[in-house]
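What follows is a short report on a single structure.
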Amino acid sequence: GRRMAFSAAAPSRAFQLRLNPLTGDSEWLVVDEAEGEDVGAAPPQTQRQLLAATSYLDMLNDAARNRAYRRAIDAAVSDPSARVLDIGAGTGLLSMMSARALEAVGGEGRGSVSACESYLPMGKLTRRVLRANGMENKVKLFHKRSDELEVGVELDSPADVSEILDSELLGEGLIPTLQQAHDSLLVKNPKTVPYRATTYGQLVESPFLWKMHDLHSNEANAADGVWLTPDGMENIVSVKLQQHAMQCDPLEDEIRLLSEPFKVFEFDFSERPESQRENKITIKTTGDGCVHAIISWWVLQLDSAGSIFYSTAPKWVRQSSIKDLPRCADDTKDWCDHWKHCVWFTQGRGAPVMKDQTLSLRASHNLTSISYQLLNPNDEACNGNLKADHLTLLPERIALYGDIYWRSALITAIKNALSDRSPQTCIVADDSIFLALLVSSLSPSSKVIAMFPGLRDKGATYLQAVAKANNFSMDQIQVIGKRAASLSTDDLEHKKINLLVGEPFYCGSEGMLPWQNLRFWNARTLFHSMLSEDALIMPCKGVLKLCAMSLPDLWKSRRSLKDVEGFDHLVVNETLGACGDLPGEQQGPCLPYYVWQCGYTKKLSKVYSVMDFNFSEPIHSCFGKTKIEFADAGTCHGFAVWIDWVLDEKNSIVISTGPDTRYWKQGVQLLSKPVEVNPADDPAALVEASFDPASGDITFSSSFS
């Protein structure tokens, strides 16, 4: 989740915005500076796993990264009077490394280490870690953004710097932060860790990546009469023109490389970076094909001598012998989730190329991101501009909307629903443009009310643009653009609802756990008094499904921390949502992942149903349990959990959101201790789950026999 912290008048208090998944309402939680301040005290429950969805834990479990930083910091802090500034301190690991390095060169009492961490819940954790390591007097910590620090106020004198980085390199505000630091906080020509970062790209062909951006061609192939992107409006629904973070290693066998890796930009941290740059790159293609995407990554050079590197390159690049790419020290880089690859989609059908053709690519970056344009021989950009009625969705949603099986399931279910009755009033409870369009065109006599709580006016403008191509009139559709709670009988003109539908899909909640889509059940409950007696609800139920899995890579990245490069990190485990190696009977949180992107994965059992959510009834708490028998030998690290949506009462049309589909995230509940299973020993696990409608959470417990 995105984090927001606002300081109120009292300096010791901040507020955290939290979304209630079932209502879509936001609520403010108070984060108090004073709470849980002594080392042993656990943070209050509201904050306990605020940081579980962030990448801190995964980063701290990345041994190669930590080792590289330690070596680089030891090399950079060679002067006993060095003044070190750590921007975005996190748990304070790099600050503590700097303080230790300073001590080693006799700098105690001469040099200094200052750190800033603006996010209060994190800053409180930093303090606890510093204290647990006896470092609270060796590192000066400020709960401020680096641009709120001043030399002569917080800092005695200008400093040397540390790091702030994310998957896309520029997304964390790296450039503005560095500009401001060079302008006001650093000496001229400071030593920096990292020393520089280089981004690389590669042209690829991939049917899977093509499905994630070319909705129009996939709709044309489906030929089912529904047009989200009618002729002449091919781009009206598309992916955002930006780099999308994705683990690309699992796609290795279905990707054709159409070029060697090429250098895109170099960022030198010891100089003030420019706000924007443009770079024209000439690329020679290595095969015939169609460029569907540019996959990119970066390589960090951590020291000025050029001996310490950290790379986020895909597996196929690390295993090839391209001479210009620096090798990483031990090149056995573990899978890690915090730094993914970046995918930039070419628009439309992609760009056809022949082997040994010379292509021009224009790469540009602004303050926060890198973008690309393939140029045709006259140096004109190959892609058009986007209009105001244009909708952007995530790549997974684009792929789903073009998926012939998913479309036909929904079309069949709606046709069946309409064949028994001629509904007068239909409500689309979520953000589904597909269903709003489908019901309107299949039932011209119906009044369709689209709630569109996330899309709002954009959804209305979009429907207007595609109405004619789909043979419906805007007179029959009303877009409410609000959450379910705000629908009134006036909106319905005092008629009853005969048909209530949803995918369910709520814009903006794609990154969340699967059961957050039970918001549909909550909406159905709010509409209870407005439903006609024979109202049809689709989907009619959800089934919680579960499968035992071997997930060694994911487990390793979420295990609890003990010693990180010589520093005790035990106090961070609960707040950061650690899942593995926990003390006693503790269990970590269930977290959302695309299981197919989680490194090595193997199913150890068949799929089991744990409980049903019956949408013909108002929302209520549910409990379920199931005995799991293991079909395969291996190490069980936990369970993948998801919801299958049953569309019709005959139970014949089911949309599964499990790990076999790549379009949805699953919940993953990791075990604290992995369990070796072998079907010969007849092992079994008992899993219990309970759903609490007040919080929208599902909690799990499991025992092995």
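Only heavy atoms go into these numbers, but all of them, side chains included; no hydrogens, no water, no symmetry mates. We count residues from 1, following the sequence as given.
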Check: Taking the six-membered ring of Y608, is the NZ or CZ of K606 close enough (under 6.0 Å from the centre) and on axis enough (within 45°)?
Finding: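 So K606 does make the cation-pi contact.
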
Would you please say whether a donor-acceptor pair under 3.5 Å links the side chains of [X] and [Y]?
X: H338; Y: S55; value: no
X: N235; Y: S238; value: no
X: S532; Y: D534; value: yes

Note to self: Ring-plane angle category for Y401 and F505, please: parallel below 30°, perpendicular beyond 60°, tilted otherwise.
What the structure shows: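 Plane angle over 60°, so perpendicular.
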
Check: Relative to each other, are the rings of W555 and H637 parallel, tilted or perpendicular (30° and 60° limits)?
Finding: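 Taking H637 first and then W555, their aromatic rings sit tilted (interplane angle of 30° to 60°).
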
For [X] and [Y], indicate whether the former's side chain and the latter's backbone hold a donor-acceptor pair under 3.5 Å.
X: S473; Y: D475; value: yes
X: H390; Y: V237; value: no
X: D644; Y: V543; value: no
X: N470; Y: V466; value: yes
X: R397; Y: L394; value: no
X: D214; Y: K211; value: no

Checklist line | Derivation and outcome, salt bridge (charged side-chain N to carboxylate O under 4.0 Å, His left out), residues E254 and R662 | finding: CA-CA 14 Å; E254 39 192 295; R662 290 175 174 173; 2.8 Å; yes

Check: Should K665 and E396 be marked as a salt bridge (charged side-chain N to carboxylate O under 4.0 Å, His left out) after you check the CA-CA gap, both sets of side-chain angles, and the distance that decides it?
Finding: CA-CA 10 Å; K665 282 190 172 180; E396 288 77 13; over 6 Å; no

Aromatic contact between [X] and [Y], with the criterion being ring centroids under 6.0 Å apart: yes or no?
X: F208; Y: W596; result: yes
X: F700; Y: W515; result: yes
X: F345; Y: H292; result: no

Notebook entry, point to check: Can you check whether L393 reaches V239 side chain to side chain, under 4.5 Å on heavy atoms?
Noted result: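 No, side chains not in contact.
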
Next item on the list: For the pair E219 and R407, find out whether any cationic side-chain nitrogen is under 4.0 Å from an anionic carboxylate oxygen.
Entry: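 Between R407 and E219 there is a salt bridge, with a charged N closer than 4.0 Å to a carboxylate O.
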
Item checked: Stepwise salt bridge (charged side-chain N to carboxylate O under 4.0 Å, His left out) check, K340 with D337 -> CA-CA 6 Å; K340 301 180 172 74; D337 191 48; 3.4 Å; yes

